[in-house]
Number of protein chains: 2
Amino acid sequence: MIRKSTSKATDQAAASRKPNLREAILAAAEELFSTNGFNAVSVRDIAQAAGANPGSVTYHFKTKDGLLLEIYRRHCGPMNRRRSELLAAARRVRDLQDRLEAIVRAFVLPAFSSGSDLAGGGARFTRLRAVMSAEGNEVARKIIAQTFDDTSHAFIDAIHESLPHVPRTEIVWRSHFLLGALYYTLVTPERVSRLSRGSADGGDAGNAIEQLVRATVASFQAPPLDQPAPARRRSADHPKT
Amino acid sequence: MIRKSTSKATDQAAASRKPNLREAILAAAEELFSTNGFNAVSVRDIAQAAGANPGSVTYHFKTKDGLLLEIYRRHCGPMNRRRSELLAAARRVRDLQDRLEAIVRAFVLPAFSSGSDLAGGGARFTRLRAVMSAEGNEVARKIIAQTFDDTSHAFIDAIHESLPHVPRTEIVWRSHFLLGALYYTLVTPERVSRLSRGSADGGDAGNAIEQLVRATVASFQAPPLDQPAPARRRSADHPKT
DNA sequence: TGATATTTTGTACATACGTACAAATAGCAT
DNA sequence: ATGCTATTTGTACGTATGTACAAAATATCA
């Protein structure tokens, strides 16, 4: 059950009455799942928000899990494609520092807006992934593992190339932190205010991206923990305070 | 409903049969909420994991929300206290670079293990906060707002003092990213493997902390976006591809 | 001890859930 | 129009949910 505004749902439903119910259901589910989590949203909630009958959801997607799966199917392809394009372009940047920044941007940008794709749902879909990740959703975990792993490796490789002195392990850690920061930024609504619909970088999403890129590039450039001194010196550095 | 292992729940229940049911319920709820989200876990799940009767949950905490509230009440105090102590110590570090690192460590450490407090639940509680934040849980949002805001401001002030040339806004952004990275690290179980019970920094939690501190310190030290103009050359960089 | 308060159990109720399915409707070729 | 398929509706079923509440068990203390 959802406690939010009762009026918005009907408005939204009225806005796009019946041109394509299937799409409306997908959009509504995406929005509701990404702001409330999977289990907090009922099939009836989704149907109502889409101006549809609960039965329609079963008809189009068979089960609630099937609906979630279809949302992922819809977005993963385009987003990965966009990322690959941007990454390829970034790889061609000569200056190593500039290249690193371009790579990070190539990773971050599609997460905020997947370009020309589905109703500016880039940020919404990323928010969804963040929530599903936090909830440990199995359906999401599986599809992400088999869809994003290749792309992730490509990014890590590219970053590693532009930072050869940093061990791969640490690059993995820092990419992990980047993803966490990205997720949290999109999940916390009062910070990146709305970014609403339309694929544009409207709102202060642009600023959020720049802040994230700047901070992340610096974090990648941090000296590695295990100093690659002559032999592998492994001193226990700082006192634990 | 939860699909996980059926055996573990009963084992755990048998382990601490009846010495303090109330505590057992709290611990079970913490564990289940933090790995599955709030709505995915039923009162019956919690009761079973704690070896208790569903009615006991109602008796001790009145409602499911009440149970969540009590979990927060239990942890917020000690964790904030620990953070304040570590922050105070960090502020006394002379060297600005070292001080920044100490401050970041003071923020991160209690999130992984709140010292001598409740059954090493530091990481577990942080994971819980991460999940509740992702799910937009209202109960959690309220109590966090009125409990953590002061501490957060103190940290931002301290960081600002050791980085006077970085505008406060950017420090806020970067703290935000830190929190996101921290949350995501604790939410993703295959990375920081288990850290299980016991307040010790066992497992590779220690490594995770060091990685996070190193990356975060560097991100704080990144040049701000709005250049105050001194040395740093900042051309209007790359084409947007 | 027995009385009294606290805790735990067992059960029951109303509601909300996911999904199935037959009936009704709309879309569209012929 | 007619027939046929795809979609949408309405409804119903079994189950799981949060919580209430009386009864039983246990602890506390004169």
Inset, instruction - Identify which nucleotide among dT19(D), dT9(C), dT9(D) has an atom closest to any side-chain atom of Leu21(B), counting heavy atoms from C-beta outward. - result: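 Nucleotide nearest to Leu21(B)'s side chain: dT9(C).
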Legend entry - Tyr59(B) side-chain proximity, nearest of dT7(C), dT19(C), dT19(D):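 Output: dT7(C).
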Atom [atom1] of [X] and atom [atom2] of [N]: how far apart are they, to the nearest Å?
X        : N       : atom1 : atom2 : answer
Phe61(B) : dT6(C)  : CZ    : P     : 17 Å
Leu26(B) : dT7(C)  : CG    : P     : 14 Å
Ile25(B) : dT19(D) : CD1   : P     : 14 Å
Asn39(A) : dG18(C) : CG    : P     : 9 Å
Phe38(B) : dT17(D) : CZ    : P     : 13 Å
Arg22(B) : dT8(C)  : CZ    : P     : 10 Å
Lys62(A) : dT19(C) : NZ    : C1'   : 9 Å
Leu32(A) : dG18(C) : CG    : P     : 12 Å

For [N], does either OP1 or OP2 sit under 4.0 Å from a side-chain N or O belonging to [X]?
X        : N       : value
Ser56(B) : dT9(C)  : yes
Asn53(A) : dG10(D) : yes
Ser42(A) : dA16(C) : no
His60(B) : dT8(C)  : yes

Inset, instruction - Using only heavy-atom distances, determine whether the side chains of Ser42(A) and Asp45(A) contain a donor-acceptor pair under 3.5 Å. - result: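 Yes - a donor-acceptor pair under 3.5 Å links their side chains.
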Inset, instruction - Dump the intermediate steps for salt bridge (charged side-chain N to carboxylate O under 4.0 Å, His left out) on Glu31(B) and Arg127(B), then the final yes or no. - result: CA-CA 9 Å; Glu31(B) 179 63 27; Arg127(B) 213 169 62 213; 3.4 Å; yes
Legend entry - 5' precedence on DNA chain C between Arg44(A) and Gly55(A) (nearest-nucleotide basis):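 Nearer the 5' end of the strand: Arg44(A).
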Legend entry - Lys/Arg N to Asp/Glu carboxylate O, Glu85(A) vs Arg82(A), below 4.0 Å: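 Not counted as a salt bridge, because no side-chain N and carboxylate O are separated by less than 4.0 Å.
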Inset, instruction - Without swapping roles, check the side chain of Ser56(A) against the backbone of Ala52(A) for a donor-acceptor pair under 3.5 Å. - result: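 Such a contact is absent between Ser56(A) side chain and Ala52(A) backbone.
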Inset, instruction - Compute the centroid of each ring, for Tyr183(A) and then for Tyr183(B), and state whether the two points are separated by less than 6.0 Å. - result: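 Between Tyr183(A) and Tyr183(B), the centre distance exceeds or equals 6.0 Å.
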